[in-house]
Amino acid sequence: MWIAVVVISLALVAIMFKYVLGTPGPSPFAIDRREPLKPMVLDRKLKNKVLKQGFLASKVPQDLDAIVVGSGIGGLAIAVLLAKVGKKVLVLEQHDRAGGCCHTFTEQGFEFDVGIHYIGELLDHKPLRCLIDQLTNGQLQWEPLDNPFDNVVLGPPENRRIYPIYSGKKRYIDELKKCFPGEEKAIDEYVRLSKKVANGVWFMVLLKLLPTPLAKFLVHTGLANRLSSFFRYASRSLTDVVNELTQNKDLRAVMCYIFGTYGKMPKEASFSMHSLLLCHYLNGAWYPKGGASEIAYHMIPIIEKAGGAVLVRAPVNRILLNDAKEAIGVSVLKGQEEVHVHAPIVISDAGIFNTYEHLLPKDVQTMPAIQKQLSMVQHGDGGLSIFIGVDGTKEELGLKADNYFIFPENNLDELACSFLNHCPSALEESSKNVPMIFVASPSAKDPTWPERKPGKSTVTVVSFANYAWFEEWKDDKVKNRSIDYKELKEAFISKILEAVTEIFPKIKDRIEYVDAGTPITNQHYIGAPKGEIYGADHGIPRFSVELNATIRPQTPIKNLFLTGQDVMLCGFAGALTGAVTCGSVILNRNLHLDAIGLAKRVKNGNNKKKE
């Protein structure tokens with residue numbers, strides 16, 4: 001018996017080494033492709049020539065190797081990875097500009113970002129920084145945020161407590177202990193446990209790269225949970241873990257505050273997901289110089305250089321299949337006509353719901369394998385954003401390169417439950433009790449802003465709202481929705497502005513522009529089916545080993561692949577990881593290890609230059 005166990009174990013090790021360390025395909029990370037830094041282009045019209053190339057059949061390159069649906073970071077990243085190994089890729093975007101949640105828009109002279117607020121893990125030697133440098137040929141520059149980079153605000157004005165969150169592995173802990181004397185043991189254990197759990201996330205990638213039978217074997221034997229600290233804690237809620245560590249309610253809230261960056265209240269959030277966010281920002285936080293649109297602006301030329309293109313105003317209405325139910329291209333709506341574009345590979349960055357429920361034929365949607373995947377996920381909560389344009393410089397207005405997370409009190413779960421469970425008839429009451437408000441000034445974070453928009457500033461607010469509250473107006477014209485819709489928006493804006501101006505009183509009388517984006521705004525502009533900003537829901541079920549072994553870049557349709565947030569995790573870094581995982585499958589090579597290897601070579605090279 002023991003001989004059989006040894007043989008099976010050795011076979012598993014051999015297979016895992018083949019798929020984890022094997023390198024049969026070409027690598028986009030074979031060499032360091034960073035180029036000398038070029039002058040930053042600040043002229044909006046020049047940038048738009050890259051970001052706003054409208055779809056025409058005549059612009060579609062011949063002999064495509066792949067088509068990508070959606071130009072979010074997951075779509076652009078997989079297109080660049082393929083372009084770097086000589087593939088000709090067409091990226092199709094339904095909006096009028098490329099970038100997905102990385103795009104910016106301008107209203108009354110104010111430029112606003114919609115999804116990039118701050119990114120962690122961007123020290124020069126870190127793999128994520130190396131990955132982004134390679135995807136932009138080293139042209140995307142980053143500006144560090146202030147330290148503290150986050151501020152947690154608890155309680156009403158008459159009993160307000162503000163807790164600064166510092167970067168630096170040691171300083172984060174030391175400053176937290178200063179705020180909570182007597183809680184040193186709880187803080188140390190929270191950080192220790194978070195690091196331990198986050199370090200096990202590599203197994204999630206492994207499950208998606210291994211052959212399906214082997215991945216399922218690891219799941220059904222329980223080995224996946226045993227081998228990965230990430231999956232061992234995945235079924236435990238953030239609330240449960242934190243409540244075991246301390247009885248201090250303010251400290252509990254501070255440990256949980258960043259839950260808004262993945263969209264689940266603490267009692268529904270997986271501690272494993274939360275641990276990734278804590279560790280993501282331990283070394284600091286950064287913002288792209290020149291604004292979020294710089295990301296797409298520096299990726300598109302790489303796709304074009306390989307013979308591909310990124311075309312906007314190109315709504316894909318269906319994926320084309322042959323008689324064998326294999327993907328062979330897509331159909332793009334041009335007015336009332338369909339334009340068919342063919343390629344041997346189709347990659348969707350449109351999300352799992354859009355891909356399976358809207359882009360595939362009805363008879364294919366009912367396939368058991370597709371229905372199984374859909375049954376494992378649910379829509380995330382809708383996003384609510386408020387965009388504020390202010391007359392004045394950051395110095396005049398007291399704006400800094402940091403973020404504020406504002407909570408009415410420290411009972412975060414109770415606040416979120418009460419808010420999200422309001423029925424449509426009680427929305428006026430709901431607008432008065434927003435449980436979490438994220439506030440930041442993109443203009444204060446961007447050192448190029450004073451030159452681009454002198455004497456002006458912007459403030460962005462992010463929170464959550466139920467799609468159902470706004471659904472009745474989804475078919476109205478975007479710029480001319482009903483008066484009831486506008487009044488509901490105004491109710492949210494008014495109450496949220498009260499909280500914002502209490503923290504930033506100098507902006508109160510200098511606001512020149514304000515508007516809100518609701519879940520149906522997200523549905524229109526970024527194609528989010530229920531207005532969600534983080535793709536499929538990131539609650540505890542999202543992190544089961546079975547789901548992560550089942551939902552992978554390969555779909556049940558041959559030649560159709562998924563990329564972006566729904567493959568791995570939400571946010572900028574999560575969507576990038578989804579793209580690298582997708583590229584690994586398509587190129588039959590572990591690109592994660594390639595990127596890590598290149599990061600090490602770059603670091604060693606930099607060290608030698610210093611010597």
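Excluded from the calculations below are hydrogen atoms, water molecules and symmetry mates; all remaining heavy atoms, backbone and side chain alike, are included.
The pair Arg542-Glu268 fails the salt-bridge criterion, with no side-chain N (NZ, NE, NH1 or NH2) lying under 4.0 Å from an Asp/Glu carboxylate O. A salt bridge links Lys264 and Asp537; the closest N-O separation between the charged side-chain nitrogens and carboxylate oxygens is under 4.0 Å. Ion pairing between a basic and an acidic side chain is recognised when a charged N comes within 4.0 Å of a carboxylate O; Arg601 and Asp32 show no such pairing. The residues Glu184 and Lys177 are annotated as not salt-bridged, no charged nitrogen and carboxylate oxygen being separated by less than 4.0 angstrom. At a threshold of 4.0 Å, the pair Lys178-Asp174 does not count as salt-bridged, since none of the basic side-chain nitrogens sits closer than that to a carboxylate oxygen. In this structure, Lys289 does not pair ionically with Asp446, as no charged nitrogen and carboxylate oxygen lie closer than 4.0 Å. Arg129 has a carboxylate O that lies under 4.0 Å from a charged side-chain N of Asp124, or vice versa, which qualifies the two as a salt bridge.
In this structure a side-chain-to-backbone donor-acceptor pair under 3.5 Å is missing from Arg160 to Leu154. Within the 3.5 Å criterion, the main-chain N or O of Gly351 finds a donor-acceptor partner in the side chain of Thr355. A distance-only check finds no donor-acceptor pair linking the side chain of Asn354 to the backbone of Ala528 [under 3.5 Å]. Without hydrogens or angle criteria, Ser194 side chain to Tyr190 main chain gives a donor-acceptor distance under 3.5 Å. Side-chain atoms of His538 never come within 3.5 Å of backbone atoms of Ala269 as a donor-acceptor pair (strictly under, hydrogens ignored). Asn147 places a side-chain N or O within 3.5 Å of a backbone atom of Ser167 that can act as its donor or acceptor partner. The backbone N or O of Phe231 sits nowhere less than 3.5 Å from a side-chain atom of Ser272 that would complete a donor-acceptor pair. Looking only at distances, no side-chain donor or acceptor of Asp113 sits under 3.5 Å from a matching main-chain atom of Gly115. Although no hydrogens or angles enter the test, the distance criterion places no donor-acceptor pair under 3.5 Å between the side chain of His298 and the main chain of Ala296. Looking only at distances, a side-chain donor or acceptor of Lys208 sits under 3.5 Å from a matching main-chain atom of Val567.
In this structure the side chain of Gln134 reaches within 4.5 angstrom of the side chain of Leu598, judged on heavy atoms. In this structure, the side chains of Asn411 and Lys249 stay at 4.5 Å or more apart for every pair of heavy atoms. Taking the side chain as every heavy atom from C-beta outward, Ile295 and Thr136 never approach each other to under 4.5 Å. A heavy-atom distance below 4.5 Å is found between the side chains of Leu145 and Lys445. Annotation: side chain of Tyr281 is not in contact with side chain of Tyr172 (no heavy-atom distance under 4.5 Å). By the 4.5 Å heavy-atom criterion applied to side chains, Tyr262 and Leu276 are not counted as neighbours. Within the 4.5 Å cutoff, side-chain heavy atoms of Met204 are placed close to those of Leu569. Side-chain contact between Pro529 and Glu532 is present, with heavy atoms from C-beta onward closer than 4.5 Å.
Contact detail for Ile437 and Ala499: the closest heavy-atom pair is CD1-CB, 3.8 Å. Heavy atoms only, all atoms of each residue included: Gly263 and Asp381 are closest at O-OD2, 3.7 Å. Heavy atoms only, all atoms of each residue included: Lys400 and Ala444 are closest at O-CB, 3.5 Å. Nearest approach of Ile540 to Ala234, heavy atoms of both residues: CG2-O, 3.7 Å. The nearest pair of heavy atoms linking His103 to Val114 is O-CG2, 3.3 Å. Of all heavy-atom pairs spanning Ile526 and Cys101, the tightest one is CD1-SG, 3.7 Å.
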Take Phe464 and Leu384 through the test side chain to side chain contact (heavy atoms under 4.5 Å, CB included) and record every step on the way to the result. CA-CA 5 Å; Phe464 296 93; Leu384 176 70; 6.0 Å; no
Residues Lys170, Glu175; criterion salt bridge (charged side-chain N to carboxylate O under 4.0 Å, His left out); working and verdict: CA-CA 9 Å; Lys170 184 175 185 299; Glu175 297 290 345; over 6 Å; no
Pair Gln523, Tyr467 - check side chain to side chain donor-acceptor pair (under 3.5 Å), show working. CA-CA 9 Å; Gln523 185 181 51; Tyr467 174 77; 2.8 Å; yes
Mind running side chain to side chain contact (heavy atoms under 4.5 Å, CB included) on Thr261 and Tyr118 for me, showing each step along the way? CA-CA 10 Å; Thr261 58; Tyr118 63 145; 4.2 Å; yes
Kindly determine whether Arg252 and Asn243 satisfy side chain to side chain donor-acceptor pair (under 3.5 Å), including the steps that lead there. CA-CA 7 Å; Arg252 287 176 175 178; Asn243 285 2; 3.1 Å; yes
Phe271 and Asp240: CA distance, side-chain angles, deciding distance, side chain to side chain contact (heavy atoms under 4.5 Å, CB included) verdict: CA-CA 9 Å; Phe271 180 76; Asp240 286 345; over 6 Å; no
Tyr166 and Phe149: CA distance, side-chain angles, deciding distance, side chain to side chain contact (heavy atoms under 4.5 Å, CB included) verdict: CA-CA 6 Å; Tyr166 287 82; Phe149 63 95; 5.9 Å; no
Starting from the C-alpha separation in whole Å, work towards a yes-or-no answer on side chain to side chain donor-acceptor pair (under 3.5 Å) for Ser584 and Asn590. CA-CA 5 Å; Ser584 299; Asn590 192 328; 4.5 Å; no
Begin from the C-alpha positions of Tyr233 and Phe543 and carry the test ring pair (Phe, Tyr, Trp, His ring centres under 6.0 Å) through to its verdict. CA-CA 9 Å; Tyr233 274 84; Phe543 300 97; over 10 Å; no
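For the residue pair Asp349 / Thr563, no side-chain donor-acceptor distance below 3.5 Å is found, with atom types taken as modelled.
Between Phe405 and Tyr257, the distance separating the two ring centers is shorter than 6.0 angstrom. Annotation: Phe259 is not in aromatic contact with His274 [ring centroid separation under 6.0 Å not met].
More than 12 heavy atoms of other residues, nucleotides or ligands sit less than 6.0 Å from atom CZ of Arg171. The 12-atom threshold is not exceeded at CD of Glu414, counting heavy atoms of other residues, nucleotides or ligands nearer than 6.0 Å.
The CD atom of Gln565 sits 13.0 Å away from the CD1 atom of Ile352 when rounded to the nearest 0.5 Å. We find the CD-OG1 distance between Gln373 and Thr550 to be 7.0 Å, quoted to the nearest 0.5 Å. Here OG1 of Thr581 is found 11.0 Å from CD1 of Ile586. Values are rounded to the nearest 0.5 Å. For the atom pair NZ (Lys603) and NZ (Lys600), the distance works out to 9.5 Å, reported to the nearest 0.5 Å. One finds the CD atom of Glu294 at 12.5 Å from the CD1 atom of Ile116 (value rounded to the nearest 0.5 Å). Atom CG of residue Leu76 and atom CG of residue Leu576 lie 10.0 Å apart, to the nearest 0.5 angstrom.
Tyr163 pairs in a ring-ring contact (aromatic ring centres under 6.0 Å, His included) with only one of the listed residues (Phe180, Tyr404, Phe407), which is Phe180.
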